[in-house]
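Worksheet: the structure to be examined is printed underneath.
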Protein chains: 2
Amino acid sequence: MHLNPADLRRVSVFREATDEDLQLFLSQAILRTVEEGEFFFLQGDPAVFFYILVSGRAKLLQSNAAGHQVNLRTINEWQMFGALGAVKPGAVYPATAQALEPSTALAIESAFLHEALKTRPYLNFGLMQLMTGYIQEMQERYRELATERVERRIALTVLRLASQVGKRLAGDEMMIELPLSRQDVAEASGTTMFTVSRVLAEWERRGLVEAGRERVLIRNPHGLVQIAEGLNP
Amino acid sequence: MHLNPADLRRVSVFREATDEDLQLFLSQAILRTVEEGEFFFLQGDPAVFFYILVSGRAKLLQSNAAGHQVNLRTINEWQMFGALGAVKPGAVYPATAQALEPSTALAIESAFLHEALKTRPYLNFGLMQLMTGYIQEMQERYRELATERVERRIALTVLRLASQVGKRLAGDEMMIELPLSRQDVAEASGTTMFTVSRVLAEWERRGLVEAGRERVLIRNPHGLVQIAEGLNP
DNA sequence: GTTCCTGTTTGCGCTGGCGCAAAGAAGGAA
DNA sequence: TTCCTTCTTTGCGCCAGCGCAAACAGGAAC
């Protein structure tokens, strides 16, 4: 794989970086490729590296002692992940990063980023903006989980996932494709595979989505938004 | 109220600040006092100020369209809150801050912090450490809400609240007092007042806690930890 | 084509926890 | 002291959603 510094500018944190800085980070990077289902890192591992996804898709998940797991976030190309370790030296990853498809990522030592932060205000702001975004998303999702019913939560989740990892279908701009299994959606919305399956089946009957194997196709985003907003109970 | 710069050093973000910086921030601060139940700011307001609680207690909460609300975090003396707005100029508060008791806070313009961040790496690190802490706590709580049963969630919540706002009882170091109503605990653990009341009554029968009006006294923290860890089903 | 694997659907029964309503208790005010 | 407000408890009924089990189906490999 050929990477040039300008590619790095697609990473939100590096948007305002100088060419020299990009070159510097790239020179520190190792390319890691993992197969579908494999892990970039596990919850609890020392956070030695942070990553930038170059190709493929991955998810960040957390699991409890009983093995029950929840999806925290889906990672797309040119997104940074595992960067919390750069803030506190000696930290461990608070979540697991697993590839949803064969994926490649740049791995750079957290300590390197930590040093760089000391002299580059733009990096600080970029990273903080990322963090505030996560905080707000997690707060919202927490509230949804605590206060909304499943159907609405699933609608909110599918819409969120669509905006994060959805691909608009060539030919029809309104249709969005999601490469996610029922289980994935269940873990992202805090419910079970069975319930997701039933809800999607009902939506399919109403013509809102098309539900395939490890795939959800949104036919009518507006209808989903109505459910998400509780206008269509 | 008399405040001197050294007091500000009790704020985690200012731990490594110079005396001049503390003086500078203090000179920018306005003192705001609010009564119990009143608000420092509301969800959706422009985030013009960030706050440092000087005395009293407050909570950060979010509510949905139907008015159903969840507690995101409890704020203690010398904690900073409402600071997300300093990162993105023009942002709004993503949550509401409400006083649990008569409280006083320093209010400083977000824009001032924003400027200060550009030239003071220690502030950046401090703020980022705070943020990573929130992210991790929210991720944990989200997972708990998605995967754990109520009793366990309530135990985890009570323990978390104890570590954040609990007061050790003079005389018996093991006993911790929480000045929170059933409703508060319900909103912090994602359940209803009724369920919290029933669970606390059962714990009281077992001698784990003493439940009073707007008050929970933990008699046996270790027993609660067992429930929280699922060892005592 | 056939086989196998893995993900999905659906019927069914069950129960955890919600939420109303009404009574009870703890403070504060007067 | 009594009254009033606010918080808490508890009985009761109910149902959303869970979770098992078994059948079903899409896709890859051969």
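Each chain gets a letter, A, B and so on, in the order its sequence line appears, and its residues count up from 1.
Among residues at least two apart or in separate chains, side-chain hydrogen bond (donor to acceptor under 3.5 Å, both in side chains) pairs with a member in residues 214-223 of chain A are E177(A)-R215(A), E210(A)-R219(A).
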Inset, instruction - Test E140(A) against R160(A) for salt bridge (Lys or Arg N to Asp or Glu O under 4.0 Å), laying out the working first. - result: CA-CA 11 Å; E140(A) 257 173 50; R160(A) 184 152 35 224; 3.7 Å; yes
Inset, instruction - Apply salt bridge (Lys or Arg N to Asp or Glu O under 4.0 Å) to E101(B) and R57(B), showing your working. - result: CA-CA 6 Å; E101(B) 15 181 300; R57(B) 278 196 171 80; 3.2 Å; yes
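Checked by atom type, the side-chain pair Q164(B)/E137(B) shows a donor-acceptor distance below 3.5 Å. A side-chain N or O of E187(B) and one of Q183(B) form a donor-acceptor pair less than 3.5 Å apart.
Aromatic rings of Y142(A) and Y142(B) (six-membered ring for Trp) have centroids beyond the 6.0 Å cut-off, not under it.
Closest approach of Q136(B) to L84(A), counting heavy atoms only: NE2-CD1, 4.0 Å.
The CZ-C1' distance, from R205(B) to dT10(D), rounds to 10 Å in whole Å. Computed from coordinates, the M193(B) CE to dC7(D) C1' distance equals 8 Å when rounded to whole Å.
Taking every nucleotide of DNA chain C with any atom under 4.0 Å from a non-hydrogen atom of chain A, the first and last of them, 5' to 3', are dT6(C) to dC12(C).
Applying the side-chain hydrogen bond (donor to acceptor under 3.5 Å, both in side chains) criterion to R149(B), with sequence neighbours excluded, gives no partner residue.
The stretch residues 194-204 of chain A touches DNA chain D through F194(A), T195(A), R198(A), each having a heavy atom under 4.0 angstrom from the strand.
Axis deviation across the helix from dG1(C)-dC30(D) to dA30(C)-dT1(D) amounts to 40°, comparing end segments of five pairs, rounded to 10 degrees.
Within the 4.5 Å cutoff, no side-chain heavy atoms of V199(B) are placed close to those of E202(B).
Interatomic distance, L60(A) CG to Q43(A) CD, rounded to the nearest 0.5 Å: 10.5 Å.
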What are the atom names and distances for every N/O pair under 3.5 Å that joins the protein to nucleotides 26-30 of chain D?
| residue | atom | partner | partner atom | Å |
| --- | --- | --- | --- | --- |
| dG26(D) | N2 | R213(A) | NH2 | 3.4 |

